[in-house]
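One-based numbering, in listed order, for ligands and for the atoms of each.
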Amino acid sequence: MTLTVFVLGLFAVTHAQHVCAVQWVERAASAASSFAGETTSAVFPVPNATNAASEYDSFFPDASAVGFAGPTPTGDEAELIATATSFPKVTDALPLVNPSTFGETNSSEPFDVLHSLGNLSPMFSVDTFGLDNANMLIPQGCELTQVHLLHRHGARYPTSGSLPAAFATKLHNTTINGTGFTATGNLTFLNTWTYRLGAEILTPFGRQQLFDLGVSFRVKYGELLKDFTGLPVFRTTSEERMVQSALNFAAGFFGIPDYQTNYRQVITIENDGFNNSLAVNCANQDKPEIGGIGSAAASKWRDVYLQDALARLAPQIEGVNLTTNDLLSMQELCAYEAVALGYSAFCDLFTEEEWKGFNYLLDLEFWYGSGPGNPTTAAVGIGYVQELIARLTQTPIAVHNTSTNATITDSNITFPLDQPIFVDASHDTDISAIVVAMNFTSLNANGPLPTDHIPGNQTYFSNRIAPFATQLVGQVMICPSSSSSSPQQNENEKQIRWLLNDAVLPLTGIAGCPEDANGLCPLDTFVSAMQTRLAEVDFAFDCTGNYTVPDPDLITDGRPPADQRPSSSSV
Ligand SMILES: *[C@@H]1O[C@H](CO)[C@@H](O)[C@H](O)[C@H]1NC(C)=O
Ligand SMILES: *[C@@H]1O[C@H](CO)[C@@H](O)[C@H](O)[C@H]1NC(C)=O
Ligand SMILES: *[C@@H]1O[C@H](CO)[C@@H](O)[C@H](O)[C@H]1NC(C)=O
Ligand SMILES: *[C@@H]1O[C@H](CO)[C@@H](O)[C@H](O)[C@H]1NC(C)=O
Ligand SMILES: *[C@@H]1O[C@H](CO)[C@@H](O)[C@H](O)[C@H]1NC(C)=O
Ligand SMILES: *[C@@H]1O[C@H](CO)[C@@H](O)[C@H](O)[C@H]1NC(C)=O
Ligand SMILES: *[C@@H]1O[C@H](CO)[C@@H](O)[C@H](O)[C@H]1NC(C)=O
Ligand SMILES: *[C@@H]1O[C@H](CO)[C@@H](O)[C@H](O)[C@H]1NC(C)=O
Ligand SMILES: *[C@@H]1O[C@H](CO)[C@@H](O)[C@H](O)[C@H]1NC(C)=O
Ligand SMILES: *[C@@H]1O[C@H](CO)[C@@H](O)[C@H](O)[C@H]1NC(C)=O
Ligand SMILES: *[C@@H]1O[C@H](CO)[C@@H](O)[C@H](O)[C@H]1NC(C)=O
Ligand SMILES: *[C@@H]1O[C@H](CO)[C@@H](O)[C@H](O)[C@H]1NC(C)=O
């Protein structure tokens, strides 16, 4: 498929590209004379490792052959979410080194570089989306009946063709016909720096994120496993990092080696030309004037917030003329080296303000590229909404007119509707679209983001919506109906609420949902709002129609301008 990466190329929109980083110098061949910027990689295990041969198998019997496992009584399922009085939060990213920043730090306010990397941040628990008295624990008196988890893959290497590798090439190019470059001062490390990142696949830390999520989900929601009548069916997509994320989640959730027999994994095809609600193809995104809106906004801001850094760092290297794009590449290198190698010398080059600037650049990229400011966003997210309605109402999908794949979702084997636990793996750009399709408008309350400053009233943050291993959780529960909504009786009713990275989302923007301190909305009300969304978002037109975007700031609902929509769909 066409590589849909405009300028910045930070996203997961490249489908099924099995790509290795360009390797023009092998480590072994050049260890003695390493040129800065060269690409190095490793292969493990060594090809034809001696003791890997099958003749050695008998020396290493497996646990069942060895026997003597000791007593193995199982305990009861955990359900922290309903039994605990306080709750765990993800605040750090061990074993990664917490990066320091350049210059004075602002001690009045804690600052964490790893939380300021936009969608490249490892997931951390969000404090609040405005419901300050709500938390992830099931409210008193309510009984949890079902949970829906939509998560992103864990930390990965850069996607193919993105900035970090190009920066390494730029440095390395100086050594090919010329005499190279000389870095001094803060940049001295560049003289011996080599590019050690792969592409696309999970890093070891990324594996850990999903394993940890699996463990955490078992501790919080394990009790629901008792309600399964068959094996759980979870979904992911075919890209290597997606499969690996799903398997690591399962290893954490079910245990090793139990995960191999305790559930069924659906792996949907992620590639050009395939319907996939978790990795959506939307043709209009291949048009630069639509797919490139996010990068265009980000580039404007890049040239604002990196000027001081350019003035500071450019004089510290000779033989290379640094640009703001190079500095952005270096900030990305910090992000990627940190999650891949545990430490990055690039992080220390930038001030706290510059890290805030980087974080904001990614907010711009998401708002305008795969958020409320892009006309394709609601369409990209609506397929998951359609599937969610099917699950919440236990009614198969009637018409396939979005990104859903009938082969998968019309079958009760691959798409059971009645599970107590649903787990789907997806990508940053798809999840950021799904929250728009679901109409979680509190996330974008204060409108379009400016490209010349960071607004004080910002509510849209890509590090909360789409970090590595981001987690959107729907909790379905039965609660005593509130006296105000049904004064006549104390009948129980089904409610739903949503948590994004551990914080409860207000649902008050969703049609009919009442204000509720715990973020609850009656299930029927929520479902009919989602049905309204499904009826009003026109996948065919938004993804393949011919429309123009005269001013991106006029788009705040992830749909084409209202006056250009076909009349049948402009509800
Ligand atoms: C590994 O073993 C295979 C089969 O014996 C052989 O063809 C191949 O050349 C070996 N590769 C290396 C790197 O030694
Ligand atoms: C430090 O943080 C305070 C409180 O957020 C803020 O008012 C101030 O501008 C910050 N100073 C710098 C140098 O960033
Ligand atoms: C490196 O040099 C090659 C050959 O001149 C050129 O095509 C390429 O654009 C250069 N890459 C960068 C990032 O400067
Ligand atoms: C090196 O020089 C050759 C011959 O002039 C040219 O084709 C090539 O693009 C140059 N490479 C770089 C990286 O500058
Ligand atoms: C880094 O750069 C600053 C000036 O921008 C300078 O004061 C400082 O000494 C440099 N650090 C090193 C290790 O050269
Ligand atoms: C739907 O999924 C099935 C199973 O992965 C696949 O064979 C088929 O090609 C897909 N269809 C479309 C239209 O994507
Ligand atoms: C850097 O810019 C200067 C001034 O424009 C120019 O003379 C020089 O050739 C450039 N150096 C490189 C490596 O591009
Ligand atoms: C794939 O999506 C298109 C567009 O929504 C739809 O017309 C088609 O029926 C879908 N195919 C399958 C197999 O679901
Ligand atoms: C699917 O539905 C059919 C017909 O209702 C039923 O017989 C079958 O057991 C179901 N299969 C699963 C895996 O739920
Ligand atoms: C948010 O702040 C920006 C200035 O940064 C302003 O233009 C905008 O009107 C504000 N939005 C709201 C809803 O207050
Ligand atoms: C979507 O959100 C907007 C703004 O909160 C609201 O006016 C509209 O009614 C919502 N639509 C649905 C179907 O929830
Ligand atoms: C799209 O619409 C524009 C303006 O109405 C028109 O000029 C153009 O030919 C159309 N393109 C296609 C592919 O229909």
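For Asp524 and Lys494, the salt-bridge test fails: no basic side-chain N is under 4.0 Å from an acidic carboxylate O.
Glu200 places no side-chain N or O within donor-acceptor distance of the main-chain N or O of Glu240, the cut-off being under 3.5 Å. Thr268 places a side-chain N or O within 3.5 Å of a backbone atom of Thr236 that can act as its donor or acceptor partner. In this structure a side-chain-to-backbone donor-acceptor pair under 3.5 Å is present from Ser411 to Ile413.
Contact residues of ligand 8 (protein heavy atom closer than 4.0 angstrom to a ligand atom; sorted by chain and number): Asn275, His400, Asn401, Thr402, Thr404, Asn405, Ala406.
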Distance-only check: which donor-acceptor pairs under 3.5 Å involve side-chain atoms of residues 458-466, not counting sequence neighbours?
unit_1, atom_1, unit_2, atom_2, d
Gln458, NE2, Asp363, OD2, 2.8
Gln458, NE2, Tyr460, O, 2.8
Thr459, OG1, Leu443, O, 3.0
Thr459, OG1, Ala445, N, 3.1
Ser462, OG, Asp363, OD1, 2.9
Asn463, ND2, His115, O, 2.6

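Residue contacts with ligand 6 leave out Thr268, since none of its heavy atoms falls under 4.0 Å from the ligand.
Taking the side chain as every heavy atom from C-beta outward, Phe539 and Val380 never approach each other to under 4.5 Å.
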